[in-house]
Amino acid sequence: MADKLIIFDTTLRDGEQSPGASMTRDEKLRIARQLERLRVDVIEAGFAASSNGDFECVKAIAETIKDSTVCSLARANDRDISRAAEALKPANSGRLHLFLATSALHMEKKLRMTPDEVFEQARLATRFARNLMGDIEFSPEDGYRSDPDFLCRVLETVIAEGATTINVPDTVGYAIPELYGNFIKNLRERIPNSDKAIWSVHCHNDLGMAVANSLAGVKIGGARQVECTINGLGERAGNCSLEEVVMAVKTRRDYFDLDVGIDTKHILAASRMVSQTTGFVVQPNKAVVGANAFAHASGIHQDGVLKARDTYEIMRAEDVGWSANKIVLGKLSGRNAFKQRLQELGVSLDSESEINTAFARFKELADRKSEIFDEDILALVSDESVTNEKEQYGFVSLSQHSETGERPHATIVFTVDGKEVKGESDGNGPVDASLKAIETHVKSGAEMVLYSVNAISGSTESQGEVTVRLQNSGRVVNGVGADPDIVVASAKAYLHALNKLQSKADRVAAQG
Ligand code: KIV
Ligand code: ZN
(Lines give C-alpha, C1' and ligand atoms only; values in the text may rest on other atoms or scores of the structure.)
(Ligands and ions follow the chains in the order given, each with its own letter.)
Protein backbone atom coordinates (compact mmCIF):
# COMPACT_ATOMS: atom_id res chain seq x y z
CA MET A 1 0.00 0.00 0.00
CA ALA A 2 1.23 3.53 -0.82
CA ASP A 3 2.17 5.91 1.99
CA LYS A 4 -0.07 8.86 2.65
CA LEU A 5 1.23 12.39 2.08
CA ILE A 6 -0.17 14.68 4.76
CA ILE A 7 -1.25 18.09 3.49
CA PHE A 8 -0.72 20.80 6.10
CA ASP A 9 -2.23 24.10 5.01
CA THR A 10 -0.86 27.29 6.53
CA THR A 11 -2.77 29.88 4.46
CA LEU A 12 -4.33 31.25 7.64
CA ARG A 13 -1.00 31.57 9.45
CA ASP A 14 2.06 31.83 7.20
CA GLY A 15 -0.10 32.99 4.27
CA GLU A 16 -1.59 35.75 6.36
CA GLN A 17 1.89 37.09 7.01
CA SER A 18 2.01 38.58 3.49
CA PRO A 19 1.80 42.34 3.92
CA GLY A 20 -1.82 43.32 3.36
CA ALA A 21 -3.19 39.76 3.54
CA SER A 22 -4.47 39.93 7.10
CA MET A 23 -7.94 38.48 7.45
CA THR A 24 -10.85 38.97 9.80
CA ARG A 25 -12.20 36.19 11.98
CA ASP A 26 -15.18 35.63 9.69
CA GLU A 27 -12.96 35.50 6.63
CA LYS A 28 -10.68 32.98 8.31
CA LEU A 29 -13.62 30.84 9.34
CA ARG A 30 -14.94 30.83 5.78
CA ILE A 31 -11.56 29.80 4.41
CA ALA A 32 -11.13 27.16 7.12
CA ARG A 33 -14.45 25.60 6.10
CA GLN A 34 -13.31 25.56 2.49
CA LEU A 35 -10.05 23.88 3.54
CA GLU A 36 -12.07 21.25 5.40
CA ARG A 37 -14.14 20.69 2.24
CA LEU A 38 -10.88 20.23 0.38
CA ARG A 39 -10.04 17.56 3.00
CA VAL A 40 -6.83 19.21 4.07
CA ASP A 41 -5.32 17.02 6.80
CA VAL A 42 -4.04 19.83 9.05
CA ILE A 43 -5.19 23.47 9.09
CA GLU A 44 -2.76 25.86 10.76
CA ALA A 45 -5.35 28.33 12.01
CA GLY A 46 -3.03 31.00 13.41
CA PHE A 47 -0.59 31.90 16.14
CA ALA A 48 -2.79 32.03 19.24
CA ALA A 49 -0.34 33.84 21.53
CA SER A 50 0.43 36.62 19.05
CA SER A 51 -2.72 38.63 19.84
CA ASN A 52 -6.19 38.30 21.33
CA GLY A 53 -7.58 38.45 17.80
CA ASP A 54 -5.48 35.51 16.67
CA PHE A 55 -6.40 33.57 19.81
CA GLU A 56 -10.11 34.08 19.04
CA CYS A 57 -9.61 33.01 15.41
CA VAL A 58 -7.84 29.78 16.38
CA LYS A 59 -10.51 29.05 18.98
CA ALA A 60 -13.38 29.72 16.56
CA ILE A 61 -11.81 27.47 13.94
CA ALA A 62 -11.18 24.76 16.55
CA GLU A 63 -14.87 24.95 17.51
CA THR A 64 -16.07 24.76 13.90
CA ILE A 65 -13.82 22.33 12.06
CA LYS A 66 -14.55 18.66 12.62
CA ASP A 67 -12.70 16.69 9.94
CA SER A 68 -9.26 18.32 9.79
CA THR A 69 -6.72 18.63 12.59
CA VAL A 70 -6.55 22.26 13.76
CA CYS A 71 -3.11 23.57 14.62
CA SER A 72 -1.73 26.67 16.33
CA LEU A 73 1.79 27.96 16.03
CA ALA A 74 3.62 28.77 19.29
CA ARG A 75 7.09 29.98 20.16
CA ALA A 76 8.89 27.36 22.21
CA ASN A 77 8.00 28.85 25.60
CA ASP A 78 5.45 27.90 28.24
CA ARG A 79 3.28 31.01 27.85
CA ASP A 80 2.83 30.66 24.09
CA ILE A 81 2.27 26.93 24.34
CA SER A 82 -0.36 27.26 27.10
CA ARG A 83 -2.19 29.93 25.14
CA ALA A 84 -2.19 27.80 21.98
CA ALA A 85 -3.39 24.75 23.92
CA GLU A 86 -6.19 26.83 25.44
CA ALA A 87 -7.34 28.05 22.02
CA LEU A 88 -7.26 24.49 20.67
CA LYS A 89 -9.26 22.99 23.53
CA PRO A 90 -12.53 22.73 21.56
CA ALA A 91 -10.86 20.94 18.61
CA ASN A 92 -11.81 17.39 17.70
CA SER A 93 -8.17 16.94 16.84
CA GLY A 94 -5.60 19.59 17.79
CA ARG A 95 -1.91 20.10 17.17
CA LEU A 96 0.66 22.35 18.83
CA HIS A 97 3.33 23.62 16.45
CA LEU A 98 6.43 24.80 18.29
CA PHE A 99 9.19 26.73 16.61
CA LEU A 100 12.63 27.88 17.69
CA ALA A 101 15.45 29.11 15.47
CA THR A 102 18.52 26.89 15.19
CA SER A 103 20.75 28.55 12.58
CA ALA A 104 23.88 30.23 13.93
CA LEU A 105 22.73 33.51 12.42
CA HIS A 106 19.30 33.47 14.04
CA MET A 107 20.54 32.19 17.40
CA GLU A 108 23.26 34.81 17.67
CA LYS A 109 21.64 37.85 16.07
CA LYS A 110 17.91 37.36 16.66
CA LEU A 111 17.56 35.24 19.79
CA ARG A 112 20.90 36.25 21.37
CA MET A 113 21.15 32.76 22.81
CA THR A 114 23.93 30.20 22.79
CA PRO A 115 23.36 26.86 21.03
CA ASP A 116 23.23 25.13 24.43
CA GLU A 117 20.51 27.50 25.61
CA VAL A 118 18.50 26.88 22.43
CA PHE A 119 18.95 23.13 22.84
CA GLU A 120 17.67 23.28 26.43
CA GLN A 121 14.72 25.51 25.54
CA ALA A 122 13.68 23.18 22.70
CA ARG A 123 13.85 20.18 25.03
CA LEU A 124 11.89 21.76 27.91
CA ALA A 125 9.28 23.38 25.64
CA THR A 126 8.58 20.07 23.87
CA ARG A 127 8.25 18.31 27.22
CA PHE A 128 5.85 21.02 28.44
CA ALA A 129 3.77 20.82 25.24
CA ARG A 130 3.61 17.05 25.27
CA ASN A 131 2.04 17.16 28.71
CA LEU A 132 -0.78 19.25 27.25
CA MET A 133 -1.39 17.53 23.91
CA GLY A 134 -0.49 14.33 22.07
CA ASP A 135 0.10 15.84 18.64
CA ILE A 136 3.26 17.99 18.71
CA GLU A 137 5.12 19.43 15.75
CA PHE A 138 8.55 20.97 16.19
CA SER A 139 10.13 23.35 13.63
CA PRO A 140 13.74 24.44 13.89
CA GLU A 141 13.30 27.85 12.27
CA ASP A 142 15.82 28.53 9.50
CA GLY A 143 16.46 24.79 9.77
CA TYR A 144 17.92 24.47 6.28
CA ARG A 145 20.69 26.98 7.09
CA SER A 146 21.45 25.32 10.44
CA ASP A 147 24.52 23.28 11.25
CA PRO A 148 23.47 19.64 10.61
CA ASP A 149 25.35 18.34 13.69
CA PHE A 150 23.55 20.78 15.97
CA LEU A 151 20.24 20.11 14.24
CA CYS A 152 20.65 16.34 14.77
CA ARG A 153 21.25 16.96 18.47
CA VAL A 154 18.17 19.17 18.86
CA LEU A 155 15.85 17.01 16.76
CA GLU A 156 16.84 13.75 18.42
CA THR A 157 16.05 15.34 21.78
CA VAL A 158 12.67 16.82 20.82
CA ILE A 159 11.62 13.48 19.34
CA ALA A 160 12.66 11.79 22.60
CA GLU A 161 10.54 14.38 24.46
CA GLY A 162 7.50 13.46 22.38
CA ALA A 163 7.46 15.56 19.18
CA THR A 164 5.42 13.57 16.66
CA THR A 165 6.18 15.67 13.56
CA ILE A 166 9.53 17.24 12.66
CA ASN A 167 9.31 20.04 10.16
CA VAL A 168 12.43 21.33 8.38
CA PRO A 169 11.77 24.91 7.26
CA ASP A 170 13.62 26.59 4.46
CA THR A 171 12.59 29.85 6.10
CA VAL A 172 14.30 32.18 3.65
CA GLY A 173 13.79 30.18 0.44
CA TYR A 174 17.49 29.45 -0.01
CA ALA A 175 17.31 25.74 -0.84
CA ILE A 176 17.92 23.91 -4.13
CA PRO A 177 15.75 20.81 -4.68
CA GLU A 178 18.42 18.12 -4.68
CA LEU A 179 20.31 19.69 -1.78
CA TYR A 180 17.17 20.14 0.33
CA GLY A 181 16.05 16.56 -0.35
CA ASN A 182 19.46 15.23 0.68
CA PHE A 183 19.54 17.49 3.73
CA ILE A 184 16.39 15.83 5.07
CA LYS A 185 17.55 12.36 4.04
CA ASN A 186 20.80 12.91 5.91
CA LEU A 187 18.99 14.08 9.07
CA ARG A 188 16.69 11.07 8.99
CA GLU A 189 19.59 8.69 8.53
CA ARG A 190 21.71 10.20 11.28
CA ILE A 191 19.08 10.68 13.99
CA PRO A 192 18.62 7.34 15.77
CA ASN A 193 14.95 7.88 16.70
CA SER A 194 13.96 9.62 13.43
CA ASP A 195 11.46 6.87 12.65
CA LYS A 196 9.38 7.92 15.68
CA ALA A 197 8.30 11.13 13.94
CA ILE A 198 6.71 12.12 10.64
CA TRP A 199 9.02 14.39 8.65
CA SER A 200 7.69 17.51 7.07
CA VAL A 201 8.81 20.11 4.54
CA HIS A 202 8.14 23.84 4.71
CA CYS A 203 9.58 25.85 1.83
CA HIS A 204 9.47 29.53 0.95
CA ASN A 205 9.53 30.65 -2.64
CA ASP A 206 12.22 33.35 -2.75
CA LEU A 207 14.03 31.64 -5.62
CA GLY A 208 10.83 30.29 -7.17
CA MET A 209 11.56 26.74 -6.04
CA ALA A 210 9.24 26.19 -3.07
CA VAL A 211 7.19 23.49 -4.84
CA ALA A 212 10.25 21.82 -6.37
CA ASN A 213 12.07 21.86 -3.03
CA SER A 214 9.04 20.43 -1.21
CA LEU A 215 8.72 17.63 -3.75
CA ALA A 216 12.43 16.83 -3.43
CA GLY A 217 12.02 16.75 0.34
CA VAL A 218 9.31 14.16 -0.20
CA LYS A 219 10.99 12.09 -2.91
CA ILE A 220 14.63 12.20 -1.82
CA GLY A 221 14.23 13.03 1.85
CA GLY A 222 11.28 10.77 2.64
CA ALA A 223 9.14 13.56 4.14
CA ARG A 224 5.48 12.60 4.47
CA GLN A 225 4.00 16.00 5.25
CA VAL A 226 4.05 19.09 3.02
CA GLU A 227 3.31 22.54 4.42
CA CYS A 228 1.72 24.78 1.83
CA THR A 229 -0.76 27.57 1.18
CA ILE A 230 -3.56 28.20 -1.31
CA ASN A 231 -2.19 30.14 -4.32
CA GLY A 232 1.26 29.94 -2.67
CA LEU A 233 0.25 32.92 -0.51
CA GLY A 234 2.90 33.95 2.00
CA GLU A 235 5.51 36.43 3.08
CA ARG A 236 7.77 37.88 0.37
CA ALA A 237 7.57 35.50 -2.61
CA GLY A 238 5.21 33.18 -0.75
CA ASN A 239 5.07 29.56 0.34
CA CYS A 240 4.80 26.26 -1.50
CA SER A 241 1.49 26.29 -3.39
CA LEU A 242 -1.02 23.66 -2.24
CA GLU A 243 -2.68 23.25 -5.62
CA GLU A 244 0.63 22.75 -7.42
CA VAL A 245 2.13 20.29 -4.97
CA VAL A 246 -1.09 18.27 -4.71
CA MET A 247 -1.61 18.09 -8.48
CA ALA A 248 2.04 17.19 -9.03
CA VAL A 249 1.80 14.24 -6.66
CA LYS A 250 -1.57 13.14 -8.07
CA THR A 251 -0.67 13.60 -11.74
CA ARG A 252 2.73 11.89 -11.31
CA ARG A 253 1.57 9.13 -9.02
CA ASP A 254 3.69 6.82 -11.17
CA TYR A 255 6.76 8.64 -9.78
CA PHE A 256 5.77 9.61 -6.24
CA ASP A 257 3.63 6.55 -5.39
CA LEU A 258 1.84 8.42 -2.61
CA ASP A 259 -1.81 8.90 -1.66
CA VAL A 260 -3.15 12.41 -1.13
CA GLY A 261 -6.51 12.85 0.59
CA ILE A 262 -7.38 16.19 -1.05
CA ASP A 263 -10.72 16.46 -2.86
CA THR A 264 -9.26 18.38 -5.78
CA LYS A 265 -12.54 19.56 -7.29
CA HIS A 266 -12.73 22.18 -4.52
CA ILE A 267 -9.33 23.66 -5.41
CA LEU A 268 -10.54 26.42 -7.70
CA ALA A 269 -13.18 27.62 -5.25
CA ALA A 270 -10.52 27.74 -2.53
CA SER A 271 -8.18 29.67 -4.80
CA ARG A 272 -10.88 32.22 -5.69
CA MET A 273 -11.89 32.61 -2.07
CA VAL A 274 -8.34 33.26 -0.88
CA SER A 275 -7.62 35.61 -3.75
CA GLN A 276 -10.78 37.63 -3.23
CA THR A 277 -10.42 37.74 0.52
CA THR A 278 -6.83 38.91 0.51
CA GLY A 279 -6.86 40.92 -2.71
CA PHE A 280 -3.89 38.91 -4.01
CA VAL A 281 -4.82 38.39 -7.64
CA VAL A 282 -3.90 35.06 -9.24
CA GLN A 283 -1.72 35.55 -12.31
CA PRO A 284 -3.38 34.22 -15.52
CA ASN A 285 -0.57 31.77 -16.26
CA LYS A 286 -0.44 30.37 -12.71
CA ALA A 287 -0.37 26.57 -12.76
CA VAL A 288 -3.66 24.80 -11.99
CA VAL A 289 -5.73 27.86 -10.93
CA GLY A 290 -4.69 30.62 -13.36
CA ALA A 291 -7.29 31.70 -15.94
CA ASN A 292 -5.10 30.33 -18.75
CA ALA A 293 -4.09 27.11 -17.02
CA PHE A 294 -6.36 25.05 -19.28
CA ALA A 295 -6.82 27.47 -22.19
CA HIS A 296 -5.41 26.37 -25.52
CA ALA A 297 -4.88 29.36 -27.75
CA SER A 298 -2.78 28.01 -30.58
CA GLY A 299 -4.58 26.32 -33.45
CA ILE A 300 -2.32 23.26 -33.33
CA HIS A 301 -3.04 22.73 -29.64
CA GLN A 302 -6.79 23.28 -30.04
CA ASP A 303 -6.90 20.82 -32.89
CA GLY A 304 -4.95 18.26 -30.87
CA VAL A 305 -7.13 18.63 -27.78
CA LEU A 306 -10.31 18.26 -29.83
CA LYS A 307 -8.99 15.05 -31.40
CA ALA A 308 -7.63 13.57 -28.19
CA ARG A 309 -7.61 15.52 -25.01
CA ASP A 310 -4.40 14.06 -23.61
CA THR A 311 -2.35 15.33 -26.56
CA TYR A 312 -1.84 18.57 -24.65
CA GLU A 313 -3.63 18.12 -21.31
CA ILE A 314 -2.03 16.29 -18.40
CA MET A 315 -4.82 17.11 -15.94
CA ARG A 316 -8.56 17.49 -16.41
CA ALA A 317 -9.82 21.00 -15.76
CA GLU A 318 -12.96 19.60 -14.10
CA ASP A 319 -10.83 17.69 -11.59
CA VAL A 320 -9.64 20.93 -10.01
CA GLY A 321 -13.01 22.66 -10.16
CA TRP A 322 -13.11 24.29 -13.58
CA SER A 323 -16.42 23.65 -15.20
CA ALA A 324 -16.42 22.00 -18.62
CA ASN A 325 -19.40 24.11 -19.63
CA LYS A 326 -18.46 27.61 -18.58
CA ILE A 327 -21.76 29.42 -19.21
CA VAL A 328 -23.77 28.18 -16.34
CA LEU A 329 -26.79 30.26 -15.51
CA GLY A 330 -28.87 33.16 -16.75
CA LYS A 331 -31.73 35.35 -15.64
CA LEU A 332 -34.33 32.59 -15.97
CA SER A 333 -32.45 30.22 -13.71
CA GLY A 334 -34.22 29.44 -10.47
CA ARG A 335 -33.08 29.19 -6.87
CA ASN A 336 -32.64 25.41 -7.07
CA ALA A 337 -30.41 25.63 -10.13
CA PHE A 338 -28.39 28.31 -8.38
CA LYS A 339 -28.11 26.24 -5.20
CA GLN A 340 -27.07 23.18 -7.17
CA ARG A 341 -24.43 25.17 -9.05
CA LEU A 342 -23.05 26.39 -5.72
CA GLN A 343 -22.78 22.78 -4.60
CA GLU A 344 -21.03 21.77 -7.83
CA LEU A 345 -18.58 24.60 -7.28
CA GLY A 346 -17.89 23.30 -3.78
CA VAL A 347 -19.43 26.34 -2.09
CA SER A 348 -21.68 25.66 0.84
CA LEU A 349 -23.37 28.64 2.41
CA ASP A 350 -24.27 28.07 6.01
CA SER A 351 -27.90 29.06 6.17
CA GLU A 352 -30.96 29.48 4.02
CA SER A 353 -30.77 33.22 4.63
CA GLU A 354 -27.24 33.33 3.18
CA ILE A 355 -28.46 31.40 0.13
CA ASN A 356 -31.35 33.86 -0.21
CA THR A 357 -29.00 36.85 -0.06
CA ALA A 358 -26.66 35.28 -2.61
CA PHE A 359 -29.58 34.35 -4.88
CA ALA A 360 -30.99 37.89 -4.73
CA ARG A 361 -27.59 39.20 -5.81
CA PHE A 362 -27.41 36.62 -8.55
CA LYS A 363 -30.80 37.78 -9.91
CA GLU A 364 -29.71 41.39 -9.73
CA LEU A 365 -26.57 40.53 -11.68
CA ALA A 366 -28.44 38.37 -14.21
CA ASP A 367 -30.69 41.33 -15.00
CA ARG A 368 -27.63 43.25 -16.13
CA LYS A 369 -25.48 40.50 -17.57
CA SER A 370 -26.89 37.82 -19.86
CA GLU A 371 -24.37 35.07 -19.20
CA ILE A 372 -23.32 34.22 -15.69
CA PHE A 373 -20.07 32.30 -15.43
CA ASP A 374 -18.71 30.22 -12.57
CA GLU A 375 -16.30 33.03 -11.79
CA ASP A 376 -19.24 35.45 -11.39
CA ILE A 377 -20.90 33.11 -8.93
CA LEU A 378 -17.72 32.61 -6.96
CA ALA A 379 -17.22 36.38 -6.80
CA LEU A 380 -20.76 36.83 -5.65
CA VAL A 381 -20.51 34.41 -2.74
CA SER A 382 -17.02 35.51 -1.76
CA ASP A 383 -18.41 38.97 -1.07
CA GLU A 384 -18.33 39.19 2.70
CA SER A 385 -21.65 40.98 2.89
CA VAL A 386 -23.42 37.76 1.80
CA THR A 387 -22.45 36.18 5.09
CA ASN A 388 -22.10 39.25 7.25
CA GLU A 389 -25.09 41.52 7.58
CA LYS A 390 -23.64 43.78 10.26
CA GLU A 391 -21.53 46.00 8.03
CA GLN A 392 -21.24 49.68 8.84
CA TYR A 393 -21.17 50.92 5.24
CA GLY A 394 -23.29 49.54 2.40
CA PHE A 395 -23.46 50.53 -1.26
CA VAL A 396 -26.83 51.82 -2.56
CA SER A 397 -26.37 53.67 -5.88
CA LEU A 398 -23.94 55.71 -7.90
CA SER A 399 -24.16 58.14 -10.77
CA GLN A 400 -21.21 59.79 -12.38
CA HIS A 401 -20.52 61.94 -15.37
CA SER A 402 -17.31 62.07 -17.36
CA GLU A 403 -16.63 63.61 -20.72
CA THR A 404 -13.45 64.36 -22.63
CA GLY A 405 -12.07 67.71 -21.51
CA GLU A 406 -14.27 67.92 -18.40
CA ARG A 407 -13.53 67.04 -14.81
CA PRO A 408 -15.54 63.91 -13.83
CA HIS A 409 -18.20 64.28 -11.16
CA ALA A 410 -19.80 61.54 -9.03
CA THR A 411 -22.79 61.33 -6.71
CA ILE A 412 -23.00 58.31 -4.45
CA VAL A 413 -25.64 57.07 -2.04
CA PHE A 414 -24.52 54.62 0.63
CA THR A 415 -25.64 53.53 4.07
CA VAL A 416 -23.91 54.29 7.34
CA ASP A 417 -25.25 51.98 10.05
CA GLY A 418 -28.39 51.46 7.97
CA LYS A 419 -29.03 55.19 7.32
CA GLU A 420 -28.69 56.51 3.76
CA VAL A 421 -26.28 59.36 3.08
CA LYS A 422 -25.34 61.09 -0.16
CA GLY A 423 -21.89 62.31 -1.15
CA GLU A 424 -20.70 64.28 -4.17
CA SER A 425 -17.29 65.09 -5.51
CA ASP A 426 -15.13 65.85 -8.53
CA GLY A 427 -12.06 63.80 -9.23
CA ASN A 428 -9.28 63.07 -11.70
CA GLY A 429 -11.36 60.25 -13.14
CA PRO A 430 -14.78 58.71 -12.40
CA VAL A 431 -13.31 56.25 -9.89
CA ASP A 432 -11.39 58.98 -8.09
CA ALA A 433 -14.51 61.17 -7.97
CA SER A 434 -16.62 58.31 -6.58
CA LEU A 435 -14.19 57.41 -3.81
CA LYS A 436 -13.75 61.08 -2.91
CA ALA A 437 -17.55 61.35 -2.75
CA ILE A 438 -17.57 58.54 -0.16
CA GLU A 439 -14.84 60.31 1.80
CA THR A 440 -16.85 63.55 2.04
CA HIS A 441 -18.81 61.68 4.75
CA VAL A 442 -16.47 59.06 6.07
CA LYS A 443 -13.26 61.09 6.45
CA SER A 444 -11.34 57.90 7.16
CA GLY A 445 -7.87 59.43 6.82
CA ALA A 446 -6.81 56.13 5.21
CA GLU A 447 -4.11 55.99 2.58
CA MET A 448 -4.74 53.89 -0.52
CA VAL A 449 -1.76 51.62 -1.13
CA LEU A 450 -3.19 49.47 -3.91
CA TYR A 451 -5.96 49.72 -6.48
CA SER A 452 -6.40 47.02 -9.10
CA VAL A 453 -9.09 46.00 -11.59
CA ASN A 454 -9.45 42.56 -13.04
CA ALA A 455 -12.01 41.25 -15.55
CA ILE A 456 -13.55 38.24 -13.82
CA SER A 457 -14.29 36.23 -16.93
CA GLY A 458 -12.12 37.76 -19.56
CA SER A 459 -14.12 40.05 -21.87
CA THR A 460 -15.49 43.59 -21.61
CA GLU A 461 -18.90 42.00 -20.92
CA SER A 462 -17.55 40.49 -17.76
CA GLN A 463 -17.74 41.84 -14.24
CA GLY A 464 -14.86 43.97 -13.10
CA GLU A 465 -13.38 42.86 -9.83
CA VAL A 466 -11.69 45.67 -7.96
CA THR A 467 -9.27 45.33 -5.06
CA VAL A 468 -8.53 48.29 -2.87
CA ARG A 469 -5.87 48.19 -0.14
CA LEU A 470 -6.11 50.83 2.56
CA GLN A 471 -3.69 51.64 5.32
CA ASN A 472 -4.51 53.52 8.47
CA SER A 473 -2.67 53.77 11.80
CA GLY A 474 -0.45 50.83 10.91
CA ARG A 475 -3.35 48.60 9.85
CA VAL A 476 -3.62 47.34 6.30
CA VAL A 477 -6.89 45.97 4.91
CA ASN A 478 -8.13 44.81 1.51
CA GLY A 479 -11.56 45.46 0.12
CA VAL A 480 -12.95 43.65 -2.89
CA GLY A 481 -15.98 44.55 -5.01
CA ALA A 482 -17.39 43.08 -8.21
CA ASP A 483 -19.83 44.62 -10.67
CA PRO A 484 -20.24 44.88 -14.46
CA ASP A 485 -19.66 48.64 -13.93
CA ILE A 486 -16.08 49.07 -12.73
CA VAL A 487 -16.79 52.42 -11.11
CA VAL A 488 -19.49 50.76 -9.00
CA ALA A 489 -17.13 47.83 -8.33
CA SER A 490 -14.56 50.36 -7.13
CA ALA A 491 -17.03 52.04 -4.77
CA LYS A 492 -18.09 48.64 -3.40
CA ALA A 493 -14.47 47.63 -2.88
CA TYR A 494 -13.73 50.91 -1.13
CA LEU A 495 -16.72 50.55 1.22
CA HIS A 496 -15.72 46.96 1.88
CA ALA A 497 -12.22 48.09 2.88
CA LEU A 498 -13.66 50.85 5.09
CA ASN A 499 -15.85 48.25 6.83
CA LYS A 500 -12.77 46.22 7.59
CA LEU A 501 -10.90 49.25 8.90
CA GLN A 502 -13.82 50.01 11.16
CA SER A 503 -14.18 46.47 12.40
CA LYS A 504 -12.87 46.07 15.91
CA ALA A 505 -11.28 42.71 15.13
CA ASP A 506 -7.66 42.62 16.11
CA ARG A 507 -5.58 41.58 13.12
CA VAL A 508 -2.02 41.51 14.34
CA ALA A 509 -0.21 39.20 11.96
CA ALA A 510 1.65 36.25 13.37
CA GLN A 511 5.36 35.92 13.06
CA GLY A 512 7.59 32.97 12.35
O1 KIV B 1 9.23 29.73 7.64
C2 KIV B 1 9.32 29.31 8.79
O3 KIV B 1 10.38 29.04 9.33
C4 KIV B 1 8.07 29.15 9.54
C5 KIV B 1 8.16 28.34 10.79
C6 KIV B 1 7.49 29.02 11.91
C7 KIV B 1 7.61 26.97 10.55
O8 KIV B 1 7.04 29.58 9.11
ZN1 ZN C 1 7.23 29.90 6.90
Side-chain angles (χ1 to χ4, degrees), residues 6-19 21-22 42-51 54 58 69 71-77 80-81 83-84 95-107 109-111 118 121-122 125-126 129 135-146 150-151 154-155 158 163-175 180 183-184 187 197-211 213-214 217 221 223 225-242 245 508-512:
I6 296 166
I7 300 299
F8 175 115
D9 180 279
T10 184
T11 306
L12 301 175
R13 198 279 298 172
D14 218 341
E16 201 204 18
Q17 287 174 222
S18 316
S22 64
V42 186
I43 298 173
E44 188 160 53
F47 182 178
S50 69
S51 70
D54 238 44
V58 175
T69 294
C71 171
S72 172
L73 187 69
R75 278 166 297 205
N77 65 55
D80 268 32
I81 295 168
R83 194 87 178 125
R95 172 180 296 188
L96 289 168
H97 179 188
L98 280 45
F99 76 99
L100 183 61
T102 49
S103 66
L105 190 63
H106 279 227
M107 288 190 292
K109 303 276 191 245
K110 186 179 88 169
L111 299 177
V118 167
Q121 187 169 327
T126 308
D135 189 346
I136 306 296
E137 174 167 332
F138 182 87
S139 285
E141 192 192 4
D142 205 17
Y144 180 65
R145 293 195 301 172
S146 303
F150 178 61
L151 208 48
V154 171
L155 296 182
V158 298
T164 42
T165 299
I166 296 294
N167 181 42
V168 184
D170 177 23
T171 304
V172 291
Y174 182 67
Y180 181 68
F183 188 79
I184 294 178
L187 292 175
I198 289 170
W199 288 71
S200 166
V201 289
H202 178 112
C203 297
H204 282 266
N205 203 34
D206 298 67
L207 293 173
M209 289 188 282
V211 173
N213 287 334
S214 301
Q225 174 176 287
V226 174
E227 303 201 350
C228 46
T229 59
I230 301 290
N231 299 337
L233 187 71
E235 252 183 318
R236 308 184 308 273
N239 285 61
C240 169
S241 132
L242 179 146
V245 88
V508 178
Q511 52 171 284

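Both counts, for ligands and for their atoms, begin at 1 and track the order of listing. FYI, side chains are in, hydrogens and waters are out, and symmetry mates aren't considered; it's all heavy atoms of this structure. This is a predicted model, so every value here is computed, not measured.
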Can you list the atoms of ligand 1 that are under 4.0 Å from a heavy atom of [X]?
| X | result |
| --- | --- |
| Ser139 | 7 (C) |
| Asp14 | 8 (O) |
| Pro169 | 2 (C), 3 (O) |
| Glu141 | 3 (O) |
| His97 | 7 (C) |

Which atom name does Asp14 have for its N/O/S atom nearest to the Zn ion (ligand 2)?
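So the atom name we want here is OD2.
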
Classify the ring geometry of Tyr174 against Tyr144: parallel below 30°, tilted from 30° to 60°, perpendicular beyond 60°.
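Tyr174 vs Tyr144 ring planes: tilted.
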
Any side-chain heavy atom of Thr69 within less than 4.5 Å of one from Ile43?
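They are not in side-chain contact.
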
Heavy-atom contact check, 4.0 Å cutoff: does Glu227 meet ligand 1?
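Under 4.0 Å: no for Glu227.
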
When you measure from the Zn ion (ligand 2) to the N, O or S atoms of Glu235, does any of those distances fall below 2.8 Å?
no

Counting only heavy atoms, which portion of Arg13 has something under 4.0 Å from ligand 1: side chain, backbone, both, or neither?
side chain

Under a 4.0 Å threshold between the charged nitrogen and the carboxylate oxygen, would Glu44 count as salt-bridged to Arg95?
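No, Arg95 and Glu44 are not salt-bridged.
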
Do the charged groups of Asp80 and Arg83 touch, with an N to O distance under 4.0 Å?
no

